[in-house]
Amino acid sequence: MAQAYMTETGGGTGQGREQSRFRRLLDRLFGGWRGDRRIWRRGVVLAVLAVLVALLMVLHAYVPNTIGNLGSLTETFLPWLGVAIPLLLILALVRKSATALIALLLPSVVWLNIFGGLVTSKTGSGGDFTVVTHNVNADNADPSGTARDVAASGADVVALEELTEAAAPVYERALAATYEYHEVVGTVGLWSKYRMSDTEAVDIKLGWNRAMRSTVATPDGPVAVYVAHLPSVRVKLEAGFTARQRDKSADALGEAIADEPIRQVALLGDLNGTMNDRALNAVTAQMRSTQGAAGSGFGFSWPASFPLARIDQIMVRGMEPTASWTLPQTGSDHLPVAARVTIDPSGS
């Protein structure tokens with residue numbers, strides 16, 4: 001009997017040991033708070049960091065762009081400032097700091113106020129016009145497969161960016177069965193199930209063609225569709241976040257859209273910037289992001305292997321977004337993005 005007793009109790013089961021470790025962790029994090037007057041004096045540095053994170057999210061528009069475009073860099077990855085909150089929370093628990101825990105309420109509330117609406121799904125039903133845009137990557141090793149993947153989305157209109165002279169005919173052949181009409185201007189192209197007219201290059205001050213517009217004759221009326229690939233931005237040690245040419249092109253694109261006589265406008269493309277980036281104000285101030293209005297989640301599109309930012313955009317004017325989403329990865333370093341909108345035939 002004694003031997004049996006020792007066998008049953010000695011060492012415990014693996015599950016018991018795991019539970020014991022978990023209890024010790026909880027005791028380490030939450031034990032000893034009551035009666036400890038130092039919980040208000042510890043963690044002052046953590047509390048200050050929490051307040052600074054909140055201030056950076058609230059006052060990001062005041063971060064100057066004169067030094068390495070730090071303002072645009074901050075705004076590009078603004079949602080990721082929220083990662084600091086759980087990290088500071090863990091440190092506050094380890095330090096047993098009530099001051100830090102209370103201070104963390106500030107960045108938590110600010111982040112939820114700015115980005116909480118993107119966490120929940122706003123996708124609705126309906127919509128009569130589906131569009132897709134995709135930076136296919138000039139080094140894409142499988143353009144035919146990428147074209148088939150994009151066509152499988154069922155979109156009425158597809159915009160492609162970063163087309164090379166060699167790859168453009170491959171995309172044309174692969175998409176021909178699905179899209180009767182198409183035009184390629186420079187390194188961007190537009191494929192449509194509906195008749196296209198008045199196609200022309202849009203001057204975005206680059207010296208070569210990376211933007212175009214075309215009138216698409218949908219069953220509910222004409223839609224002016226713009227396709228754009230704004231210049232890339234770079235992060236350099238000696239120069240910071242260099243985006244001067246991108247910003248200049250964004251201003252030119254905004255002017256072209258502002259002068260567009262057709263009320264219903266869709267902008268599809270790789271803008272190399274997020275909706276929070278002030279440098280894109282000339283465009284974003286006059287159009288709605290389909291992801292912001294009717295998306296589910298943040299809709300990050302780049303890099304495809306681990307998306308960190310949504311730099312591929314679908315924006316509309318004079319139409320109502322009903323759904324917005326990202327498509328599965330193709331042979332590109334960007335994810336395709338899609339949206340469904342409702343066109344008002346009356347143009348009101």
Side-chain angles (χ1 to χ4, degrees), residues 56-57 59-81 114-115 118 131 133-137 159-162 187-188 202-206 210-212 226-236 239-258 265-293 295 297-304 306-317 321 324 326 332-339:
L56 186 56
M57 286 190 285
L59 304 175
H60 63 85
Y62 294 96
V63 178
N65 259 342
T66 53
I67 304 173
N69 281 286
L70 286 177
S72 286
L73 178 60
T74 301
E75 289 161 344
T76 296
F77 299 103
L78 194 62
W80 290 98
L81 287 176
I114 297 175
F115 301 110
L118 293 175
V131 297
T133 182
H134 189 24
N135 180 327
V136 295
N137 188 359
L160 301 182
E161 304 88 50
E162 213 164 291
T187 61
V188 298
V202 176
D203 183 11
I204 56 173
K205 311 302 180 184
L206 284 175
R210 283 176 46 149
M212 62 178 286
Y226 284 73
V227 183
H229 183 194
L230 298 188
S232 300
V233 296
R234 296 287 184 265
V235 179
K236 301 179 180 179
F241 189 66
T242 59
R244 184 174 297 118
Q245 185 58 64
R246 190 278 310 267
D247 300 349
K248 182 180 178 182
S249 293
D251 290 341
L253 179 61
E255 291 176 8
I257 293 173
V265 181
L267 170 61
L268 319 173
D270 175 5
L271 303 189
N272 272 303
T274 67
M275 294 297 295
N276 294 314
D277 192 338
R278 74 194 70 169
L280 300 184
N281 280 351
V283 175
T284 58
Q286 57 180 319
M287 307 191 79
R288 296 178 70 192
S289 163
T290 58
Q291 186 67 26
F298 289 95
F300 294 149
S301 63
W302 176 89
F306 188 81
L308 295 171
R310 184 180 177 89
I311 63 175
D312 302 276
Q313 306 291 352
I314 297 176
M315 286 183 269
V316 297
R317 186 184 78 190
S324 187
T326 57
S332 172
D333 58 341
H334 292 242
L335 293 179
V337 298

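Between the side chain of Ser301 and the backbone N or O of His334, no donor-acceptor pair lies under 3.5 Å. Checked by atom type and distance alone, the side chain of Asn65 pairs as donor or acceptor with a backbone atom of Gly71 at under 3.5 Å. In terms of modelled atom types and a separation under 3.5 Å, the side chain of Gln286 and the main chain of Glu255 share no donor-acceptor contact. Remark: the backbone N or O of His229 is paired with a side-chain donor or acceptor of Arg210 at under 3.5 angstrom. Looking at Asp247, its side chain never comes within 3.5 Å of a backbone N or O of Ala279 through a donor-acceptor pair. A donor-acceptor distance shorter than 3.5 angstrom exists from the side chain of Asn281 to the backbone of Arg278, with no hydrogens or angles considered. When atom types are taken as modelled, the side chain of Gln313 and the backbone of Gln291 share no donor-acceptor pair closer than 3.5 angstrom.
Nearest heavy-atom pair, Pro303 versus Leu308, reported as atom, atom and distance to 0.1 Å: CD-N, 3.9 Å. Heavy-atom minimum distance, Phe77 versus Ala309: CE2-CB, 4.2 Å. Residue Ile257 comes nearest to Met287 through the heavy atom pair CD1-SD, 3.8 Å, listed as atom of the first residue, atom of the second, then distance. Between Ala250 and Leu280, the shortest heavy-atom distance links the atoms CB-CD2, 3.7 Å. The shortest heavy-atom contact between Leu253 and Ala228 is CD2-CB, 3.8 Å. Of all heavy-atom pairs spanning Leu118 and Gly292, the tightest one is CD2-CA, 4.1 Å.
Partners of Asp333 by salt bridge (charged side-chain N to carboxylate O under 4.0 Å, His left out), not counting sequence neighbours: none found. Legend: residues meeting ring pair (Phe, Tyr, Trp, His ring centres under 6.0 Å) with Phe298, ordered by chain and number and at least two apart, are Phe300. Every side-chain hydrogen bond (donor to acceptor under 3.5 Å, both in side chains) that Thr290 has, sequence neighbours left out, goes to Ser324. Applying the salt bridge (charged side-chain N to carboxylate O under 4.0 Å, His left out) test to Arg288 and every residue at least two apart in sequence or in another chain returns Glu320. Shown here are the side-chain hydrogen bond (donor to acceptor under 3.5 Å, both in side chains) partners of Glu162, two or more places apart in sequence or in another chain: Asn135.
Rounded to the nearest 0.5 Å, atoms CG (Asp277) and NE2 (His60) are 10.5 Å apart. Here Leu81 contributes atom CG and Glu75 contributes atom CD; the two are 11.0 Å apart, rounded to the nearest 0.5 Å. Taking CE from Met212 and CD1 from Ile204, the interatomic distance works out to 12.5 Å, rounded to the nearest 0.5 Å. The line from CZ of Arg246 to CD1 of Ile311 is 9.5 Å long, rounded to the nearest 0.5 Å. With values rounded to the nearest 0.5 angstrom, Thr76 atom OG1 is found 8.5 Å from Asn276 atom CG. The OG1 atom of Thr74 sits 12.0 Å away from atom CE of Met57, with the distance rounded to the nearest 0.5 Å.
Residue pairs meeting the salt bridge (Lys or Arg N to Asp or Glu O under 4.0 Å) criterion with at least one member in residues 59-74, sequence neighbours excluded, do not occur.
Proximity of Pro64 to Leu70: side-chain heavy atoms (C-beta onward) are nowhere separated by under 4.5 Å. Met315 is listed as a side-chain neighbour of Thr284, based on a closest heavy-atom distance under 4.5 Å.
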* Asked: Which is it for Thr133 and Glu161 under the side chain to side chain donor-acceptor pair (under 3.5 Å) test, yes or no, and what are the steps along the way?
  -> CA-CA 8 Å; Thr133 182; Glu161 304 88 50; 2.7 Å; yes
* Working for side-chain contact (heavy atoms from CB on, under 4.5 Å), residues Leu78 and Thr274 -> CA-CA 9 Å; Leu78 194 62; Thr274 67; over 6 Å; no
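Between Asp312 and Arg310 there is no salt bridge, since no side-chain N of the basic residue sits under 4.0 Å from a carboxylate O of the acidic one.
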